[in-house]
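Some notes on the structure that comes next.
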Amino acid sequence: MKALRLAVACAVGGLALAATMTTPTRAQQPAPAAGNAPTMDAIRARGTLICGVTTGLAGFAQPDSQGVWRGFDVDYCRAVAVALFNDANRVRYVPTTAQARFTALQSGEVDMLARNTTWTLSRDTSLGFDFTGINFYDGQGFMVKASTGVRTARELEGATICVQPGTTTEQNLTDWARANRIRFTPVVIERLEEVVQAYVAGRCDAYTTDVSGLAATRSAQPNPREHTILPDVISKEPLGPLVRHGDQRFADLLRWIHFGLLGAEELGITSANVQQRMTDANPEVQRMLGRSGDLGRMLGVDNAWMANIIRTVGNYGEIFARNLEPIGIQRGPNALWTQGGLQYSPPFR
Amino acid sequence: MSSSAADPRFASAGPPKRPLRLSWGDERVRGIFWQVLVVGIVGTVIWWLWSNTVHNLEVRRIATGFGFLSREAGLPIGESLIEYDPSNTYLRALTVGVLNTLKVAVIGIVLATILGTVIGIARLSNNWLLSKLAGVYIEVIRDLPLLLQLLFWYTILQGLPGPRQALNPVDGVFLSNRGMKLPFIEWTAAHWWTLLAMVAGIALTWAYARVMRQRQYADGQPRKVWPAGLALIVGVPLAVWVAFGAPFTPDIPVLRGFNFRGGITVSPEFFALLIGLVTYTAGFIAEVVRAGIQSVQHGQWEAAQALGLRRGEILRKIVMPQALRVIIPPLTSNYLNLTKNSSLAVAIGYQDIVSIANTTLNQTGQAIEGIAIIMLVYLTISLSISLFMNWYNAKIALVER
Ligand SMILES: N[C@@H](CCC(=O)N[C@@H](CS)C(=O)NCC(=O)O)C(=O)O
């Protein structure tokens with residue numbers, strides 16, 4: 001009897017464990033055939049999009065004083081909700097640490113990540129994701145206290161450097177140190193607030209992450225002038241939204257929302273003038289706003305998808321200006337290609 | 001409390017054996033049926049979950065298997081007991097993590113036992129103030145979540161001055177927000193041999209003490225062990241060291257550039273975790289020790305006093321051996337808790353096995369394998385502790401008649 005009870009207890013324990021690791025069952029998530037859209041179907045059935053964001057990074061994703069999530073990445077979640085439901089508020093935000101984000105997406109806890117995540121080969125393949133574009137061209141940098149007098153990254157020989165685990169940041173840091181024969185002591189802390197606190201308290205001489213993240217962190221300090229972002233950029237960090245492998249249609253939708261936001265900026269369509277532009281004679285504007293053609297339907301959403309997105313969220317330039325300019329981030333490489341930048345949308349036809 | 005199993009008269013007399021009848025009316029047949037059924041159901045469910053998981057992983061093209069262990073890790077690790085470089089493999093990085101977990105668990109268990117015993121005894125002290133202080137300590141430390149305590153200690157340690165303004169309480173010792181720097185010596189082969197001699201000395205002293213105790217049992221004559229012990233544990237290693245030419249080059253930390261160089265470092269992360277685990281677990285151990293001591297009947301004290309033994313002697317020779325029987329089982333649980341609680345290290349940046357396995361699974365995307373590794377490590381450590389403690393428990397159990 002005792003052995004039996006033990007067997008049952010083990011089985012229950014084992015089950016609970018396996019259940020947490022087994023992603024949604026085969027019945028709920030059929031193997032994707034062409035035209036099959038398991039993620040999109042699940043979102044529609046649920047009525048809300050579940051969007052994985054940071055645990056709070058000024059300008060990118062952070063709850064405001066009313067608890068409403070705001071930021072550059074958050075606006076991408078909102079845009080997807082508008083495309084699917086014509087309602088920017090049908091989003092549930094799930095804060096994820098750098099470390100936990102990929103498991104959250106793989107396991108189906110979130111539908112997508114809009115979370116300053118760098119597009120890399122291994123993430124695109126062996127981790128089982130699809131990146132849907134580059135909405136922010138970035139690179140990795142270092143921040144030090146101005147009082148240290150450090151001017152370039154090379155002066156960090158022997159320094160203690162704070163870094164968040166589960167990032168390209170920590171890998172780039174070791175690559176860079178090896179290539180430049182710089183010795184350093186890492187302090188690796190999972191939660192953003194705590195790693196920043198460790199840096200501020202002086203546990204580390206420098207804090208390293210994407211330059212955009214440094215700017216966001218610096219802007220949130222009581223006295224931003226006490227911190228210097230060094231001029232060295234040691235990596236390429238193309239950031240963008242991503243989804244699980246296996247739902248090409250959802251990936252297509254995200255990809256073309258990003259292009260739509262860029263296209264709208266290029267064509268001068270803004271949240272303020274989208275109503276007047278509905279009657280614009282330019283055929284591309286007509287196609288984008290759903291006045292002619294069937295572009296929305298091809299993506300599996302309403303033809304007015306882009307018109308709705310621009311009305312509620314704005315175009316790429318507006319999203320950038322609203323969220324990132326206040327924390328001192330310039331367009332730089334994220335300017336449109338027509339203005340010397342890298343942001344470029346394929347044609348809407 | 002006599003146990004019948006030891007009595008030869010009952011040794012062979014089990015319940016009478018009945019032949020198994022193949023009928024539902026037979027209780028044993030029913031028992032076998034249910035057990036087979038349960039095992040079958042459990043097996044099916046596990047198989048289903050397994051195949052389902054494998055299918056899902058394939059559909060999403062998520063890599064599987066343990067091939068990643070031999071790939072280059074490229075992850076930075078702040079402190080390590082063995083040589084580690086980011087160009088080493090994931091296997092090596094995970095080994096570093098396991099050793100870091102063991103380091104904090106072993107040191108933590110030793111210190112928590114000492115502190116817990118002292119506080120537990122203090123709690124029973126006749127000194128009112130001491131006993132009340134111990135009581136307050138136990139209540140407060142047990143009532144606050146451990147995570148909070150760890151963050152508290154880590155914040156305190158971060159609040160120390162920077163390396164340039166480091167506190168310097170004793171020559172060569174520096175306390176700063178980079179941790180504690182202690183002077184050391186330049187470690188050579190000679191020192192390893194000396195250490196080995198010392199370990200051998202401890203083992204020999206233990207064996208010697210055993211023999212002497214047997215003799216005392218035989219003739220009732222107490223014998224001094226310490227002179228031989230001193231010679232074995234200190235004298236011989238010293239001789240070894242001198243034979244090697246007595247190498248001694250002090251390695252004293254000095255401030256250079258951003259940080260101290262030389263000496264040994266106790267990082268704030270390790271220190272905060274250790275203090276947190278030790279003070280927290282000691283609160284529980286103190287209660288276990290108190291309960292153990294109180295479980296020994298007062299008559300034992302009185303009888304020992306009547307024999308003219310001193311209080312310390314009574315505690316050591318009469319009460320503790322009996323109390324240990326009550327103390328060891330819950331103490332084992334506390335050791336297991338301390339070990340498992342050490343996984344809270346992630347919160348304060350101490351790179352234990354959980355931290356490194358998490359980073360590994362983040363970089364490789366192989367969450368199931370990563371979690372399996374973590375479970376395997378904790379299971380192995382926990383089972384080892386349990387086995388050791390059970391063995392010890394059996395050894396000290398009083399032979400009862
Ligand atoms: N782009 C890098 C780093 C992204 C990242 O996680 N950055 C940190 C520091 S700015 C962050 O956003 N943390 C927010 C959090 O953990 O909530 C990557 O994809 O690995």
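Below, chain A is the first sequence line, B the second, and so on; all start at residue 1.
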Tell me, out of [options], who's got the most heavy-atom pairs with chain B below 4.5 Å.
{"options": "Gly128(A), Pro186(A), Ala201(A), Gly158(A)", "answer": "Pro186(A)"}
{"options": "Ile189(A), Leu173(A), Leu127(A), Thr125(A)", "answer": "Leu127(A)"}
{"options": "Thr167(A), Thr185(A), Leu156(A)", "answer": "Leu156(A)"}
{"options": "Ala100(A), Pro165(A), Ala159(A)", "answer": "Ala159(A)"}

Per-residue contact mode, [X] against chain B (heavy atom under 4.5 angstrom):
{"X": "Ala98(A)", "answer": "backbone"}
{"X": "Thr120(A)", "answer": "neither"}
{"X": "Cys162(A)", "answer": "neither"}
{"X": "Phe129(A)", "answer": "neither"}
{"X": "Val195(A)", "answer": "neither"}
{"X": "Glu155(A)", "answer": "backbone"}
{"X": "Val188(A)", "answer": "both"}

Ring pair (Phe, Tyr, Trp, His ring centres under 6.0 Å) between Phe271(B) and Trp153(B), intermediate numbers included: CA-CA 9 Å; Phe271(B) 209 34; Trp153(B) 291 117; 9.1 Å; no
Any donor-acceptor pair under 3.5 Å linking the side-chain atoms of [Y] with those of [X]?
{"X": "Thr97(A)", "Y": "Gln99(A)", "result": "no"}
{"X": "His227(A)", "Y": "Tyr199(A)", "result": "yes"}
{"X": "Thr160(A)", "Y": "Arg203(A)", "result": "no"}
{"X": "Asn177(B)", "Y": "Gln158(B)", "result": "no"}

Non-hydrogen side-chain atoms of Thr217(A) and Leu57(A) separated by less than 4.5 Å: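 In short, these two side chains touch, coming nearer than 4.5 Å.
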Report yes if the side chains of Trp119(A) and Leu239(A) come closer than 4.5 Å at any heavy-atom pair, otherwise no.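 Side-chain contact under 4.5 Å: no.
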Please step through side chain to side chain donor-acceptor pair (under 3.5 Å) for the pair Gln164(A) and Thr209(A), ending with a clear verdict. CA-CA 8 Å; Gln164(A) 240 187 331; Thr209(A) 185; 5.7 Å; no
May I ask you to name which of [options] has the most heavy-atom pairs under 4.5 Å with chain A?
{"options": "Ile62(B), Leu151(B), Val346(B)", "answer": "Ile62(B)"}
{"options": "Gly349(B), Pro76(B), Gly78(B)", "answer": "Pro76(B)"}
{"options": "Ser87(B), Ser355(B), Gly162(B), Gly257(B)", "answer": "Ser87(B)"}
{"options": "Ser176(B), Gly159(B), Gly365(B)", "answer": "Gly365(B)"}
{"options": "Arg256(B), Glu79(B), Arg261(B), Glu58(B)", "answer": "Arg261(B)"}

Given heavy-atom pairs under 4.5 angstrom as the criterion, report whether the side chain, backbone, both or neither of Ile41(B) touches chain A.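 Contact with chain A: none, neither part.
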Return yes if some donor-acceptor pair links the side-chain N/O of Arg101(A) with the main-chain N/O of Thr96(A) below 3.5 Å, else return no.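 Not confirmed, Arg101(A) side chain does not pair with Thr96(A) backbone.
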Is the centre of the Tyr207(A) ring less than 6.0 Å from the centre of the Phe142(A) ring?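 No, ring centres 6.0 Å or more apart.
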